[in-house]
Amino acid sequence: MSAVTTTAALPVAVGEEPAQVRRRRRLSPGKRLPASRLVGPVLFLALWAAASAAGQLDPAAIPAPWTVLKTGVHLWTEGTLPDDILTSLQRAASGFAIGLAAGIVLALASGLTRVGEALIDGTVNLNRAIPTLGLIPLFILWLGIGETFKIAIIAIVVYIPIYLNTHAALSGIDSRFVELAEVQGLSRFAFVRQIVIPGALPGFFVGLRLGVTGSWLGLVVLEQINATNGLGYMMFQAQNYGQSDVILVGLVVYGIFGLASDSAVRLIERRVLSWRRTLSS
(Lines give C-alpha, C1' and ligand atoms only; values in the text may rest on other atoms or scores of the structure.)
Protein backbone atom coordinates (compact mmCIF):
# COMPACT_ATOMS: atom_id res chain seq x y z
CA MET A 1 0.00 0.00 0.00
CA SER A 2 2.84 2.36 0.82
CA ALA A 3 4.65 1.49 -2.43
CA VAL A 4 1.56 2.36 -4.45
CA THR A 5 1.23 5.66 -2.64
CA THR A 6 4.88 6.46 -3.25
CA THR A 7 4.60 5.60 -6.95
CA ALA A 8 1.50 7.74 -7.37
CA ALA A 9 3.13 10.72 -5.71
CA LEU A 10 6.39 10.42 -7.67
CA PRO A 11 5.26 12.13 -10.95
CA VAL A 12 4.05 15.10 -8.96
CA ALA A 13 7.33 15.39 -7.10
CA VAL A 14 9.44 15.05 -10.24
CA GLY A 15 7.30 16.83 -12.82
CA GLU A 16 6.34 19.89 -10.79
CA GLU A 17 8.87 22.48 -9.67
CA PRO A 18 8.34 23.70 -6.11
CA ALA A 19 6.95 27.22 -5.90
CA GLN A 20 9.91 28.36 -3.82
CA VAL A 21 12.46 27.70 -6.59
CA ARG A 22 10.50 28.98 -9.59
CA ARG A 23 12.26 31.67 -11.57
CA ARG A 24 10.96 35.15 -10.85
CA ARG A 25 9.31 37.00 -13.70
CA ARG A 26 11.35 40.04 -14.77
CA LEU A 27 9.28 43.23 -14.66
CA SER A 28 12.03 45.75 -15.44
CA PRO A 29 12.49 47.02 -19.03
CA GLY A 30 15.87 45.28 -19.24
CA LYS A 31 19.19 46.58 -20.46
CA ARG A 32 19.30 49.81 -22.44
CA LEU A 33 19.68 49.28 -26.17
CA PRO A 34 22.61 51.08 -27.82
CA ALA A 35 21.57 54.24 -29.69
CA SER A 36 17.94 53.43 -28.92
CA ARG A 37 16.82 57.06 -29.31
CA LEU A 38 17.89 57.02 -32.96
CA VAL A 39 15.68 54.08 -33.91
CA GLY A 40 12.53 56.19 -34.25
CA PRO A 41 14.09 58.97 -36.38
CA VAL A 42 15.87 56.44 -38.61
CA LEU A 43 12.63 54.50 -39.13
CA PHE A 44 10.77 57.72 -39.96
CA LEU A 45 13.48 58.67 -42.45
CA ALA A 46 13.28 55.23 -44.08
CA LEU A 47 9.49 55.46 -44.44
CA TRP A 48 9.81 58.99 -45.86
CA ALA A 49 12.39 57.83 -48.41
CA ALA A 50 10.33 54.77 -49.37
CA ALA A 51 7.16 56.83 -49.87
CA SER A 52 9.07 59.40 -51.95
CA ALA A 53 10.67 56.72 -54.13
CA ALA A 54 7.28 55.08 -54.67
CA GLY A 55 5.75 58.39 -55.78
CA GLN A 56 3.27 58.50 -52.90
CA LEU A 57 4.30 62.04 -51.86
CA ASP A 58 3.87 65.25 -53.83
CA PRO A 59 7.44 66.55 -54.42
CA ALA A 60 6.20 70.15 -54.39
CA ALA A 61 4.72 69.73 -50.90
CA ILE A 62 7.03 67.16 -49.33
CA PRO A 63 10.32 66.80 -51.20
CA ALA A 64 12.32 63.59 -50.98
CA PRO A 65 15.03 63.29 -48.32
CA TRP A 66 17.79 63.42 -50.95
CA THR A 67 16.32 66.64 -52.33
CA VAL A 68 16.34 68.20 -48.87
CA LEU A 69 19.92 67.02 -48.35
CA LYS A 70 21.00 68.52 -51.68
CA THR A 71 19.33 71.81 -50.80
CA GLY A 72 20.98 71.84 -47.39
CA VAL A 73 24.43 71.30 -48.92
CA HIS A 74 23.79 74.08 -51.41
CA LEU A 75 22.65 76.49 -48.67
CA TRP A 76 25.70 75.60 -46.59
CA THR A 77 28.25 76.07 -49.35
CA GLU A 78 26.72 78.91 -51.35
CA GLY A 79 24.06 80.41 -49.06
CA THR A 80 23.72 81.93 -45.63
CA LEU A 81 22.93 78.75 -43.69
CA PRO A 82 26.08 78.86 -41.49
CA ASP A 83 25.40 82.49 -40.50
CA ASP A 84 21.72 81.73 -39.89
CA ILE A 85 22.59 78.78 -37.65
CA LEU A 86 25.09 80.84 -35.67
CA THR A 87 22.58 83.66 -35.18
CA SER A 88 19.88 81.24 -34.01
CA LEU A 89 22.28 79.56 -31.60
CA GLN A 90 23.25 82.91 -30.09
CA ARG A 91 19.62 83.91 -29.58
CA ALA A 92 18.67 80.57 -28.07
CA ALA A 93 21.73 80.50 -25.80
CA SER A 94 21.19 84.06 -24.52
CA GLY A 95 17.52 83.50 -23.70
CA PHE A 96 18.21 80.08 -22.22
CA ALA A 97 20.97 81.37 -19.92
CA ILE A 98 18.74 84.15 -18.56
CA GLY A 99 15.76 81.81 -18.12
CA LEU A 100 17.91 79.17 -16.42
CA ALA A 101 19.31 81.63 -13.89
CA ALA A 102 15.90 83.16 -13.21
CA GLY A 103 14.21 79.78 -12.78
CA ILE A 104 16.80 78.51 -10.30
CA VAL A 105 16.91 81.69 -8.20
CA LEU A 106 13.13 82.04 -8.03
CA ALA A 107 12.64 78.35 -7.21
CA LEU A 108 15.14 78.48 -4.36
CA ALA A 109 13.69 81.71 -2.98
CA SER A 110 10.15 80.34 -3.18
CA GLY A 111 10.93 76.81 -2.00
CA LEU A 112 13.08 77.67 1.01
CA THR A 113 11.15 80.58 2.54
CA ARG A 114 7.45 81.13 3.18
CA VAL A 115 7.75 84.82 2.36
CA GLY A 116 9.35 83.99 -0.98
CA GLU A 117 6.65 81.45 -1.73
CA ALA A 118 3.93 84.00 -0.97
CA LEU A 119 5.52 86.61 -3.23
CA ILE A 120 6.78 84.43 -6.09
CA ASP A 121 4.79 81.22 -6.53
CA GLY A 122 1.44 82.80 -7.31
CA THR A 123 3.01 85.29 -9.72
CA VAL A 124 4.85 82.57 -11.63
CA ASN A 125 1.74 80.42 -11.88
CA LEU A 126 -0.18 83.45 -13.17
CA ASN A 127 2.54 83.94 -15.77
CA ARG A 128 2.27 80.25 -16.66
CA ALA A 129 -1.46 80.61 -17.25
CA ILE A 130 -0.87 83.37 -19.80
CA PRO A 131 0.28 82.06 -23.23
CA THR A 132 3.88 83.25 -23.52
CA LEU A 133 3.66 83.88 -27.25
CA GLY A 134 0.64 86.07 -26.52
CA LEU A 135 3.00 88.46 -24.74
CA ILE A 136 4.86 89.23 -27.97
CA PRO A 137 2.84 92.38 -28.91
CA LEU A 138 3.24 93.80 -25.41
CA PHE A 139 6.98 93.07 -25.29
CA ILE A 140 7.43 94.71 -28.69
CA LEU A 141 5.85 97.88 -27.26
CA TRP A 142 8.07 97.70 -24.20
CA LEU A 143 11.39 96.58 -25.66
CA GLY A 144 11.15 97.41 -29.33
CA ILE A 145 11.13 95.04 -32.25
CA GLY A 146 14.84 94.20 -32.20
CA GLU A 147 16.72 91.36 -30.53
CA THR A 148 15.88 92.25 -26.93
CA PHE A 149 12.25 91.18 -26.98
CA LYS A 150 13.15 87.87 -28.68
CA ILE A 151 15.64 86.99 -25.96
CA ALA A 152 13.17 88.05 -23.26
CA ILE A 153 10.41 85.82 -24.64
CA ILE A 154 12.79 82.84 -24.87
CA ALA A 155 13.86 83.48 -21.26
CA ILE A 156 10.22 83.38 -20.12
CA VAL A 157 9.58 80.16 -22.05
CA VAL A 158 12.62 78.60 -20.35
CA TYR A 159 12.28 79.79 -16.75
CA ILE A 160 8.69 78.64 -16.21
CA PRO A 161 9.25 74.84 -16.51
CA ILE A 162 12.57 75.08 -14.64
CA TYR A 163 10.91 76.97 -11.79
CA LEU A 164 7.84 74.71 -11.60
CA ASN A 165 9.73 71.42 -11.56
CA THR A 166 12.49 72.63 -9.23
CA HIS A 167 9.97 74.15 -6.83
CA ALA A 168 7.92 70.94 -6.86
CA ALA A 169 11.06 68.92 -6.10
CA LEU A 170 11.96 71.25 -3.22
CA SER A 171 8.45 71.00 -1.79
CA GLY A 172 8.65 67.21 -2.04
CA ILE A 173 11.78 66.83 0.10
CA ASP A 174 10.97 64.59 3.06
CA SER A 175 10.58 66.65 6.22
CA ARG A 176 12.50 63.98 8.14
CA PHE A 177 15.65 65.06 6.31
CA VAL A 178 15.04 68.62 7.46
CA GLU A 179 14.55 67.45 11.04
CA LEU A 180 17.74 65.37 10.82
CA ALA A 181 19.66 68.42 9.57
CA GLU A 182 18.35 70.46 12.49
CA VAL A 183 19.33 67.75 14.98
CA GLN A 184 22.80 67.57 13.45
CA GLY A 185 23.11 71.34 13.72
CA LEU A 186 23.83 71.96 10.04
CA SER A 187 24.31 75.53 8.94
CA ARG A 188 22.06 77.07 6.31
CA PHE A 189 24.73 76.64 3.64
CA ALA A 190 25.41 73.02 4.60
CA PHE A 191 21.67 72.31 4.63
CA VAL A 192 21.29 73.65 1.10
CA ARG A 193 24.37 71.80 -0.15
CA GLN A 194 23.69 68.42 1.49
CA ILE A 195 19.88 68.23 1.57
CA VAL A 196 18.27 70.78 -0.73
CA ILE A 197 20.41 70.43 -3.86
CA PRO A 198 20.45 66.58 -4.00
CA GLY A 199 16.71 66.50 -3.32
CA ALA A 200 15.89 69.09 -5.99
CA LEU A 201 18.18 67.79 -8.77
CA PRO A 202 15.74 65.20 -10.24
CA GLY A 203 13.00 67.79 -10.67
CA PHE A 204 15.48 70.38 -11.86
CA PHE A 205 16.66 68.16 -14.70
CA VAL A 206 13.08 67.51 -15.80
CA GLY A 207 12.51 71.26 -15.97
CA LEU A 208 15.85 71.73 -17.71
CA ARG A 209 14.88 69.33 -20.51
CA LEU A 210 11.55 71.11 -20.95
CA GLY A 211 13.32 74.47 -20.95
CA VAL A 212 15.79 73.38 -23.63
CA THR A 213 12.95 72.19 -25.84
CA GLY A 214 10.95 75.35 -25.17
CA SER A 215 13.83 77.60 -26.20
CA TRP A 216 13.88 76.03 -29.68
CA LEU A 217 10.09 76.12 -30.02
CA GLY A 218 9.98 79.79 -29.12
CA LEU A 219 12.85 80.58 -31.45
CA VAL A 220 10.98 79.17 -34.46
CA VAL A 221 8.19 81.71 -33.98
CA LEU A 222 10.27 84.68 -32.87
CA GLU A 223 12.68 84.54 -35.80
CA GLN A 224 9.79 85.12 -38.17
CA ILE A 225 8.98 88.51 -36.61
CA ASN A 226 10.99 91.41 -38.05
CA ALA A 227 14.17 89.33 -38.33
CA THR A 228 16.82 89.72 -41.02
CA ASN A 229 18.68 86.48 -40.32
CA GLY A 230 18.32 83.18 -38.50
CA LEU A 231 16.74 79.86 -39.35
CA GLY A 232 13.21 81.13 -38.75
CA TYR A 233 13.80 84.06 -41.10
CA MET A 234 15.14 81.66 -43.74
CA MET A 235 12.02 79.50 -43.42
CA PHE A 236 9.72 82.54 -43.56
CA GLN A 237 11.37 83.73 -46.77
CA ALA A 238 11.12 80.23 -48.23
CA GLN A 239 7.40 80.20 -47.45
CA ASN A 240 6.91 83.37 -49.50
CA TYR A 241 8.60 81.73 -52.50
CA GLY A 242 7.04 78.29 -52.07
CA GLN A 243 10.38 76.58 -51.34
CA SER A 244 9.27 73.64 -49.24
CA ASP A 245 12.70 72.02 -49.43
CA VAL A 246 14.29 75.05 -47.73
CA ILE A 247 11.60 74.96 -45.03
CA LEU A 248 12.36 71.29 -44.40
CA VAL A 249 16.08 72.08 -44.17
CA GLY A 250 15.30 74.56 -41.40
CA LEU A 251 13.07 72.06 -39.61
CA VAL A 252 15.73 69.35 -39.84
CA VAL A 253 18.36 71.70 -38.38
CA TYR A 254 16.00 72.67 -35.55
CA GLY A 255 15.31 68.98 -34.90
CA ILE A 256 19.00 68.09 -34.85
CA PHE A 257 19.84 70.86 -32.39
CA GLY A 258 16.83 70.02 -30.23
CA LEU A 259 17.69 66.31 -30.10
CA ALA A 260 21.39 67.01 -29.48
CA SER A 261 20.72 69.48 -26.65
CA ASP A 262 18.19 67.16 -25.01
CA SER A 263 20.62 64.24 -25.28
CA ALA A 264 23.33 66.37 -23.68
CA VAL A 265 21.05 67.20 -20.74
CA ARG A 266 20.12 63.52 -20.35
CA LEU A 267 23.80 62.55 -20.35
CA ILE A 268 24.61 65.13 -17.67
CA GLU A 269 21.60 63.97 -15.67
CA ARG A 270 22.76 60.34 -15.73
CA ARG A 271 26.23 61.36 -14.61
CA VAL A 272 25.08 63.70 -11.83
CA LEU A 273 22.33 61.35 -10.59
CA SER A 274 24.31 58.13 -11.00
CA TRP A 275 23.56 57.29 -7.35
CA ARG A 276 19.87 56.76 -8.15
CA ARG A 277 18.54 53.30 -8.99
CA THR A 278 15.73 53.83 -11.52
CA LEU A 279 14.13 51.95 -14.41
CA SER A 280 16.10 54.02 -16.92
CA SER A 281 19.41 53.14 -15.29
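- Using a 4.5 Å cut-off between side-chain heavy atoms of Ile, Leu, Val, Met, Phe, Trp and Tyr, with links allowed through other members, V246 and V220 fall into the same hydrophobic cluster.
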Test log, rule side-chain contact (heavy atoms from CB on, under 4.5 Å), inputs V265 and S261: CA-CA 6 Å; V265 173; S261 56; 5.7 Å; no
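- Looking only at distances, a side-chain donor or acceptor of S187 sits under 3.5 Å from a matching main-chain atom of A190.
- At distances below 3.5 Å, not a single donor-acceptor pair connects side-chain atoms of S110 with backbone N or O atoms of L106.
- The two residues I162 and G207 have their closest heavy-atom pair at CG1-O, 3.5 Å.
- Heavy atoms of other residues, nucleotides or ligands lying less than 6.0 angstrom from CZ of F177 number 12 at most.
- Under the 30°/60° scheme for interplanar angles, the aromatic rings of Y163 and H167 are found to lie parallel.
- Inter-residue side-chain proximity for I151 and I98 is flagged as met; some heavy-atom pair is nearer than 4.5 Å.
- Using a 4.5 Å heavy-atom threshold, the side chains of R193 and L186 count as separate.
- For T166 (side chain) and A107 (main-chain N/O), no donor-acceptor pair under 3.5 Å exists by modelled atom type.
- For A49 against W66, the heavy-atom pair with the smallest separation is O-CH2, 3.8 Å.
- Each of I140, I153, L143 was scored for a side chain to side chain contact (heavy atoms under 4.5 Å, CB included) with T148, with one residue passing: L143.
- Heavy-atom minimum distance, Y159 versus A102: CB-CB, 4.3 Å.
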Quick one, M235 with L251, criterion side-chain contact (heavy atoms from CB on, under 4.5 Å). Give me CA distance, side-chain angles, the key distance, then yes/no. CA-CA 8 Å; M235 295 168 61; L251 291 176; 3.5 Å; yes
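- No continuous path of ILVMFWY side-chain contacts below 4.5 Å connects V252 to L47, so the two sit in separate hydrophobic clusters.
- The main-chain N or O of V212 is found under 3.5 Å from a side-chain atom of S215 such that the two form a donor-acceptor pair.
- Salt bridge R114/E117: present, at least one basic N to carboxylate O contact under 4.0 Å.
- Proximity of a side-chain donor or acceptor of N226 to a complementary backbone N or O of I145 within less than 3.5 Å is detected.
- Note that the CG atom of L222 and the CG atom of L217 stand 11.0 Å from one another [nearest 0.5 Å].
- A donor-acceptor contact shorter than 3.5 Å is absent between the side chain of Q224 and the backbone of F236.
- Contact between V158 and L100 at its shortest, heavy atoms only, is CG1-N, 3.9 Å.
- Taking CG of L126 as the start and CG of D121 as the end, the distance is 11.5 Å to the nearest 0.5 Å.
- For the residue pair Y233/T87, the side-chain donor-acceptor check at 3.5 Å is not satisfied.
- Here the side chains of L81 and M234 are in contact, with some heavy-atom distance below 4.5 Å.
- Put simply, V68 and W76 are part of the same group of oily side chains (I, L, V, M, F, W, Y) that touch within less than 4.5 Å, one to the next.
- Within the model, atoms CG of N165 and CG of L170 stand 11.0 Å from one another, a figure rounded to the nearest 0.5 Å.
- Closest of all the heavy-atom pairs between P65 and L45 is CB-CD1, 4.0 Å.
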Residues L219, F257; criterion side-chain contact (heavy atoms from CB on, under 4.5 Å); working and verdict: CA-CA 12 Å; L219 189 66; F257 281 123; over 6 Å; no
Would you check, one step at a time, whether the test side-chain contact (heavy atoms from CB on, under 4.5 Å) holds for N127 with T123? CA-CA 6 Å; N127 190 1; T123 306; 5.8 Å; no
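- Here the side chains of L248 and P63 are in contact, with some heavy-atom distance below 4.5 Å.
- In this structure, CD1 on I136 lies 4.0 Å from CD1 on I225, to the nearest 0.5 angstrom.
- Side chain of S244 to backbone of A60: a donor-acceptor contact under 3.5 angstrom is found.
- Between R266 atom CZ and L208 atom CG the span is 12.5 Å, to the nearest 0.5 Å.
- Donor-acceptor pairing under 3.5 Å is recorded for the side chains of R91 and N229.
- For the pair L112/R188, a side-chain contact is recorded, criterion being any heavy-atom separation below 4.5 Å from C-beta on.
- In this structure the side chain of E182 reaches within 4.5 angstrom of the side chain of V178, judged on heavy atoms.
- The distance from the CZ atom of F204 to the CZ atom of R209 is 13.0 Å, given to the nearest 0.5 Å.
- Following chains of ILVMFWY side-chain contacts shorter than 4.5 Å, one can reach I130 starting from V157, so the two form part of one hydrophobic cluster.
- Both L201 and L164 belong to a single network of hydrophobic side chains, linked directly or stepwise wherever heavy atoms of I, L, V, M, F, W or Y lie under 4.5 Å apart.
- The shortest non-hydrogen separation linking I173 to I195 is CD1-O, 4.0 Å.
- Using bins of under 30°, 30° to 60° and over 60° for the plane-to-plane angle, the ring pair W216/Y254 lands in the perpendicular bin.
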